[in-house]
Each structure stands twice: as C-alpha cells, then as structure tokens.
Amino acid sequence: MTFTLATWNINSVRLRMPIVAQFLTRFQPDILCLQEIKCRDEEFPYEAFRALGYVHMAVSGQKGYHGVATVAKAKIDIHETRDFCGVGDKRHLSVDFEHAGRNIRLHNFYVPAGGDEPDRTINPKFGHKLDFIEEMRAMRALDGTGRSSILVGDLNIAPLEHDVWSHKQLLKIVSHTPVETDGLKAVIAEGGWSDLMREKFPEPQKLYTWWSYRAKDWDAADKGRRLDHIWSSPDLAPHVTEIEILREARGWAQPSDHVPVIARFVF
DNA sequence: ATGGTTGAGGTTCAA
C-alpha cells in the first residue's frame, strides 16, 4: 500500500494553478503541502482542487505574502496553525491523519527567507529567521503518544555542504551561513528527526530544490540550493521507498523557483 | 559595478 506525499513552494497558488493541476494529475500524491500560496483563505482555489480529487483542504493564508496549505484525497484534521515569533505570519500548519493504522501528524512550514544581509544587528529579517529556527528546536518527532510525525516545507536553509552549488562561495550568503545551518542541524538533532532526502541520497551527491529566477539560464548554470525538506520520525524512515525531486518542474511554463519534492512510503 | 527576476498589489516590498 503506497502512500505519496509532496511538498512544493508554489509562489502564488492562484497564478500557478495550471501547473499544480498538471502535477497532481500526473503524480497523484495522497497529500500535497504548499507554501507561499500568497492569498487569503477565501481566495484559495478550493474548487479547482476539489475537481482534481483533493476534497480535504487545510488552508492558512494571508493577503499577498506567505501562507501554507495542505490538500489531501483522504481525510485530514487540522491540528493547529502556530504563530512562530508572534508576528502574525501564516507560516505553519499541522494536520493529523491516519494511514495503514498509523496516526501521523504532518507539519507544513514556510521559514522566513531572512533578507540579504546575514547580520541581525542591521537586518531584522535575518534576526526573525534565526528566532524562528530557535523556536523550531522544540519540535519533537516523537512525542510519546504513539503518533508518528512528518515535517515538510520550504525551510529556506541549505544545511549541508552539498546542498548548495558552492559551499565556499555561499558561506556568507543567507540560507547557507553557519549560524543558520548549525541552527537547522540542531532542530534535526534535538527533535530526533530523520532527513529523508539525505537518507536516500547521501552526501556528496548534490541535491537542489530551488534555482533563482535571476539566473540567465538556470539549467545550464545549475546554481541551485536544497531549501525544501522532508523529515520524519525515525519509525517512518524504513518505509520510504522513493524520494523524487522534480527538477523538470523548474522548466515548466511560468514556473515557481522551487520544484516539488515527493516521498513515497510503503506500509 | 551591489547586479539579476518574479509576484502581489499597488507606484514598493519580499523573496
């Protein structure tokens, strides 16, 4: 019995509904987690998802910026939307669902990008990002209730050397500075999370999920970063049969700068 | 040399 989960920073769900439909039709994930939907809850394209068979939807949106949504073919129950850093941004949504007799909590995150200057004394957005990551350290993969956990999303940090096209050249670039990468590694270690993408494709293999819009030829330059992640509690890791990074989606019409990441499980 | 592009919602901010 295969279970398929996908995560995708869509950078405006309304603008990109055509490629979302294309993706869902072809890959048929059981659950899709979206980030940067950039619309209010009432503006979310519910009907389009319903028509594609995704009749269960949890949406936490806001006007113009951020926003996350989790859509599913089978029942999901909203657990909570947490306001990390208490600034009112819609950057987290957790849902509970049952699959093959397991109770699973799924967290969908959109971590702040952090601006350009990696110094919190002159760039408050970087400080916000560091505070957000600090708050994420309390996230536990296993909470003792017997429930398993999955955490996905655009975490806006490429934690490992081979998560970026040039480790040396990006050490002072926001998303790959030591304070950020150490912070995310601490979230993983203290929370007891398994990094499913890296368990499947260990270093030194390069893994990217994002390519800047600013590159002249993103494919040829290939200056990517692994900003999107799929983590789980360790009990689920042995059930992962496949991880796919859909690089081709970066070349689709009017693309997001992020591509979908898909995890397949067999229970 | 402080580039380059995209999206939302307005003539600018965030990414």
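The C1' atoms of dA15(B) and dG4(B) are separated by 13 Å, rounded to the nearest whole Å. With both ends at atom P, the span from dA1(B) to dT11(B) equals 33 Å, rounded to whole Å. For the C1' atoms, the distance linking dG10(B) with dT6(B) amounts to 16 Å, nearest Å. For the P atoms, the distance linking dG9(B) with dA14(B) amounts to 14 Å, nearest Å.
Taking only side-chain atoms of Arg14(A), from C-beta outward, the nucleotide of dG7(B), dA15(B), dG9(B) with the closest atom is dG9(B).
Atom CG in Asp228(A) sits roughly 13 Å away from atom C1' in dA15(B) (whole-Å rounding). For the pair Asp257(A) CG and dT5(B) C1', the computed distance is 9 Å after rounding to whole Å. Rounded to whole Å, the distance from CD on Gln62(A) to C1' on dC13(B) is 13 Å. As a whole-Å value, the separation of His128(A) NE2 from dA14(B) C1' is 13 Å. Regarding Arg225(A), its CZ atom lies at a distance of 11 Å from the C1' atom of dA15(B), rounded to whole Å. Between Asn123(A) atom CG and dA15(B) atom C1' the separation is 12 Å, expressed in whole Å. Between the CD atom of Glu117(A) and the P atom of dA14(B) there is a distance of 16 Å, rounded to whole Å. In this structure, the CG atom of Asp217(A) is 14 Å from the C1' atom of dT5(B), given to the nearest Å.
Salt bridge present: Asp163(A) and Arg198(A) bring a charged side-chain N and a carboxylate O closer than 4.0 Å. A salt bridge does not link Lys185(A) with Glu161(A): none of the charged nitrogens is closer than 4.0 Å to a carboxylate oxygen. The pair Glu242(A)-Lys200(A) fails the salt-bridge criterion, with no side-chain N (NZ, NE, NH1 or NH2) lying under 4.0 Å from an Asp/Glu carboxylate O.
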Please tabulate the protein-to-nucleotide N/O contacts below 3.5 Å involving nucleotides 1-4 of chain B, giving atom names and distances.
from: dG4(B); atom 1: N1; to: Arg214(A); atom 2: NH1; distance (Å): 3.4

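The side chain to side chain donor-acceptor pair (under 3.5 Å) with Gln35(A) is formed by just one residue from the set Asn9(A), Thr7(A), Asn156(A); it is Thr7(A).
Remark: the backbone N or O of Trp165(A) is not paired with any side-chain donor or acceptor of Lys223(A) at under 3.5 angstrom.
Taking only side-chain nitrogens and oxygens, Arg250(A) never comes nearer than 4.0 Å to OP1 or OP2 of dT6(B). Residue Lys125(A) places at least one side-chain N or O closer than 4.0 Å to OP1 or OP2 of dA14(B). For Lys63(A) and dC13(B), the shortest distance from a side-chain N or O to OP1 or OP2 is not below 4.0 Å.
Nearest-nucleotide mapping onto DNA chain B: of Arg91(A) and Cys39(A), the residue sitting toward the 5' end is Cys39(A).
Residues forming a ring pair (Phe, Tyr, Trp, His ring centres under 6.0 Å) with Tyr46(A) (at least two apart in sequence, or on another chain): Phe44(A).
Hydrophobic side-chain contacts under 4.5 Å tie Ile133(A) into a cluster, directly or through other members, with Phe84(A), Phe109(A), Val111(A), Phe132(A), Met136(A), Met139(A), Leu151(A), Leu155(A), Ile157(A), Leu184(A), Val187(A), Ile188(A), Trp193(A), Trp231(A).
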